[in-house]
S.K.: 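I have a structure I would like to understand better, so I am pasting it below and will then ask my questions one at a time.
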Amino acid sequence: MRLLIMFLALSTAGNLLAAPPPDGIPRELARQRAAQLSDIHYHLRFALTPHAPSTSAHEDLQFRAKSATDVLLDFREGALTNLTVNGVVIPAKIENGHIELPASAIRAGQNSVAIDFTAPVATAGKAITRFEDKDDNTEYLYTLFVPMDAEMAFPCFDQPDLKARFHLELAAPESWTVISNTPIESQSPADTSGQRLTTFSETRPISTYLFAFAAGPFRKVHETSGLPGLYVRQSQFKKAEAEAPEVQQVTAQGIDYLSKFFAQPFPFPKYDLVLIPGFAYGGMEHAGATFLREESVLFRTAPTHSDHLNRDILLLHELTHQWFGDFTTMLWFDDLWLKEGFAQYMAYQALAALQPDENIWKRFYLSIKPAAYGIDSTKGTTPIYQNIENLKDAKSAYGAIVYSKAPGVIKQLAFVLGEEQFRDGLRLYLQEHAYSNAEWSDLVHAFESVSGKPLQNWAAMWIRHRGMPQVDVAWSCDAQNRIDHFTLTQRDVLDEGGVWPIATQVLLAYPSGAPLRLRAQLDAQSADLPEALAKSCPEYVFLNDQDYAYGRFLLDNRSRKAVFDHLGEIPGTFDRALLWGSLWDSVREADLAPRDFLELALRLLPNELDEELAQALIGHVTTGLHRYVSDATRAQIAPKFETLASDRMLHSDQQDFRIIWFRALRAIAESPQGRAQLKDILAGKLAVPGVVLRPLDRWTMLTALIALNDPDSGALLAGEQKRDPSGDGQKYAYMAQAARPDAATKQKYFNDYLHDPSRPEDWIAQSLGAFNYWNQSQLTLPYLKPALEALPQVKRERKIFFLLGWLNAFIDGQQSLAAQAQVRDFLSTAPLDKDLQLKILEVSDELDRTVRIRQRYP
Ligand SMILES: [Zn+2]
């Protein structure tokens with residue numbers, strides 16, 4: 001911080017810089033540049049050559065400067081060959097990821113800079129990624145810049161509030177298709193070397209992280225006027241044809257719905273979807289050209305109805321960003337939640353409108369809330385608003401807080417404001433910040449001005465304060481069987497003294513007759529609910545009916561007992577989901593024996609008719625068996641679940657259930673009989689009726705057999721490799737073999753993870769769970785500390801979500817006191833930045849809980 005101030009003082013004086021430029025993009029530099037620069041245009045030409053380790057490129061950059069001072073351009077890992085500022089050649093030098101344009105060359109007013117440079121292209125770790133398609137020996141190039149990798153591809157002002165117009169030209173082989181943010185303006189004939197130049201029309205003002213291109217022998221699928229374009233690599237064309245109509249239809253309906261909801265037409269000249277294999281995220285919302293992970297759209301496993309709805313959510317999430325993120329963009333990445341929270345929330349809201357027969361808010365609860373509460377009850381949590389001093393640390397902001405807590409808190413806000421005022425606030429916010437940037441305080445201001453409700457206190461606790469409340473109830477009934485006492489209290493889950501303004505709906509349930517649903521407001525530590533008094537004595541009480549509120553809502557003893565006895569008879573799916581969730585929270589609080597939960601699940605799961613809830617419960621059962629109960633208890637209960645899974649897989653009358661129980665069997669099977677069934681399925685001797693298994697279904701079965709050290713697994717692996725030699729097959733074989741229960745394998749893989757730069761990041765991410773298989777904690781414990789020690793490297797070199805995947809895999813692979821001691825020791829002795837400390841605290845909370853649960857219920 002001090003160094004930076006000195007540097008800025010010098011630079012305002014217009015001197016040649018004595019101090020080196022700063023690392024990354026400090027907030028202060030960003031502020032200064034935003035005040036100084038405007039009207040930015042990038043005219044870029046890249047030459048894309050097959051197999052080349054770099055691209056050579058030319059850039060014409062124009063901008064207006066307020067005064068003639070030094071200007072820093074961001075550019076790292078590339079090389080400069082020529083640099084001209086306002087017609088004057090200046091020494092081309094990159095220092096600390098920046099190019100200095102000296103004050104002597106800059107004019108107040110219009111400036112133009114010409115740059116020749118090269119930028120790296122690689123299979124991993126660069127802004128321009130090469131994917132090699134082993135199915136037909138072709139290659140594809142694509143960009144992924146968020147949060148600050150545009151500067152790895154071209155010199156730029158790589159901060160979200162310096163929006164610019166981009167004019168892109170791509171020279172690429174004639175057989176390649178090229179896609180970018182805007183429509184193609186013109187295309188030249190191929191030259192003698194077979195390269196063809198494509199020019200795209202100029203973009204609207206967009207942030208650097210939203211600029212993108214992709215190139216390769218992509219094919220356009222199911223081209224239909226009025227529907228968004230869908231591109232896929234040529235080897236997957238047939239598979240994509242089957243999925244395209246649904247994908248395009250949902251997107252088109254989403255565009256229609258969101259345009260009306262936001263009262264703002266689609267803000268860019270066209271919208272394409274590009275499927276990228278092994279893409280590091282589910283999707284990335286480049287303005288006018290969303291890139292989607294191919295695996296999230298073309299299912300690698302036999303899909304259920306629920307998988308289709310999850311895909312719709314992904315499509316609608318990225319689509320919402322075209323307004324919320326691309327059209328109106330956060331000023332800085334500390335407001336990341338603004339775009340992610342709203343994209344997530346609006347995806348559900350849009351799907352609820354498009355599919356009114358689905359219980360989308362139950363889906364929201366089951367898919368979003370566990371991760372939110374999961375992080376928010378740990379010492380590693382952060383407020384939704386996360387201060388980011390330097391853009392190079394922006395990766396840290398990505399995680400459950402912005403993707404899960406923020407949409408959960410937005411749902412609470414919509415409940416507080418009411419639907420109409422919520423919608424009008426969003427409309428006002430977008431209207432006031434069209435093609436521009438805004439902060440969360442602008443949004444709060446918009447909501448306040450349409451609703452007339454003061455929200456400062458609300459925002460202070462929900463946006464700026466970390467953690468969450470636990471809400472408890474004390475209630476009793478009188479001799480006439482009427483409620484005579486009903487008090488809500490809240491406590492800060494982290495014991496940090498927080499008191500939140502909570503709006504909720506309380507459910508009073510009766511053995512016969514409709515339940516009562518009462519609105520309640522809890523702004524203090526404790527409050528009575530007068531509306532409940534004199535009501536008939538309920539069978540049980542639940543404090544977060546319909547999941548409007550955000551927090552931990554455990555059942556009081558009387559209610560818990562009633563729920564245990566009657567959960568199977570409760571007709572509402574959403575109600576059942578919430579009550580199961582509350583019981584699971586009690587297990588995780590070491591307040592309910594995991595065995596009791598498992599036995600309840602064993603009793604009720606066979607009759608659970610909601611696919612998504614059944615899937616969530618199977619997930620809890622798997623965690624319970626593999627982490628929370630003792631080996632002896634698992635030995636008693638796991639075979640019962642195996643039998644149940646096998647029976648439902650074969651005999652359930654609904655295909656979706658046969659699929660989810662097949663997945664359950666694969667996750668749970670460990671007995672010789674269970675393994676024999678998996679082997680029979682692999683050999684084709686046993687089938688899941690009516691279901692055609694897909695390659696990843698098979699590879700995952702094989703991974704389990706390898707991890708369980710099944711004597712036939714070696715032969716089965718060889719057979720599967722022969723059967724599926726595709727590019728995907730090679731990746732999955734890499735995954736499966738990581739599960740081998742021997743020390744040499746672990747050593748080889750761990751070395752690969754950290755020291756083989758040619759290994760695609762996606763292969764590593766895919767194999768981490770197999771490496772740390774639940775039954776191999778003794779073998780993997782020696783890698784726990786090295787994995788923690790590697791965190792700074794992982795953070796530096798890998799894409800955004802990799803770090804959490806890494807930490808989760810290595811820490812969740814452990815259940816013991818010894819592992820817990822290692823993590824704690826590392827936390828207290830290693831010199832770690834604050835962000836990494838928080839991440840470890842976040843992830844190791846699950847290990848702490850596991851140890852606590854196993855001690856309490858041995
Ligand atoms: Zn997003």
Side-chain angles (χ1 to χ4, degrees), residues 142-150 160 181 206-212 228 247 250-251 254-255 258 261-262 266-268 271-276 279-293 295-297 309-351 363-364 367-368 371-372 375 384-386 388 394-411 426 429-430 437-438 440 443 799-805:
Y142 64 92
T143 60
L144 181 53
F145 296 157
V146 69
M148 56 165 279
D149 285 350
N181 304 84
I206 57 174
S207 304
T208 43
Y209 81 92
L210 294 168
F211 169 62
V247 168
V250 168
T251 307
I255 290 176
L258 292 170
F261 188 86
F262 291 137
F266 187 81
F268 300 102
Y271 191 54
D272 288 323
L273 303 170
V274 186
L275 305 189
I276 308 276
F279 197 57
Y281 325 140
M284 179 59 210
E285 70 274 15
H286 307 116
T290 284
F291 292 1
L292 295 164
R293 184 171 165 88
E295 293 86 337
S296 305
V297 177
L309 291 175
N310 281 341
R311 183 172 72 183
D312 294 345
I313 290 292
L314 169 66
L315 295 168
L316 294 168
H317 173 114
E318 303 308 338
L319 181 62
T320 302
H321 275 315
Q322 300 294 317
W323 288 264
F324 240 95
D326 298 4
F327 174 68
T328 300
T329 310
M330 64 204 163
L331 203 63
W332 186 247
F333 276 81
D334 46 13
D335 270 330
L336 183 66
W337 73 278
L338 264 188
K339 77 182 185 81
E340 294 311 336
F342 275 88
Q344 199 76 314
Y345 179 81
M346 285 307 302
Y348 283 86
Q349 161 123 356
L351 194 60
R363 170 168 295 271
F364 181 91
S367 323
I368 299 284
I375 180 172
I384 285 181
Y385 174 89
Q386 302 180 54
I388 291 177
K395 282 183 189 177
S396 322
Y398 287 78
I401 287 296
V402 297
Y403 285 96
S404 301
K405 179 173 185 177
V409 165
I410 290 164
K411 188 178 178 199
L426 293 181
Y429 168 81
L430 289 172
N437 299 79
W440 68 283
L443 183 66
K799 298 281 186 205
I800 288 169
F801 299 109
F802 186 92
L803 184 125
L804 272 176

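We count ligands from 1, going down the list as the structure has it; atoms in each ligand are counted the same way.
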S.K.: How long is the straight-line distance from CD1 of I800 back to CG of L144, given to the nearest 0.5 Å?
M.R.: 7.5 Å
S.K.: Tell me, please, which residues at least two apart from R363 pass salt bridge (charged side-chain N to carboxylate O under 4.0 Å, His left out).
M.R.: E612
S.K.: Is there an N/O/S atom in E285 at a distance below 2.8 Å from the Zn ion (ligand 1)?
M.R.: no
S.K.: If you round to 10 degrees, what value do you get for the angle at the Zn ion (ligand 1) between H321 atom NE2 and H317 atom NE2?
M.R.: 90°
S.K.: In E340, which N, O or S atom comes closest to the Zn ion (ligand 1)?
M.R.: OE1
S.K.: With sequence neighbours excluded, give me every salt bridge (Lys or Arg N to Asp or Glu O under 4.0 Å) pair touching residues 400-409.
M.R.: D376-K405
S.K.: A side-chain contact here means heavy atoms from C-beta on lying under 4.5 Å apart; do L426 and F262 qualify?
M.R.: yes
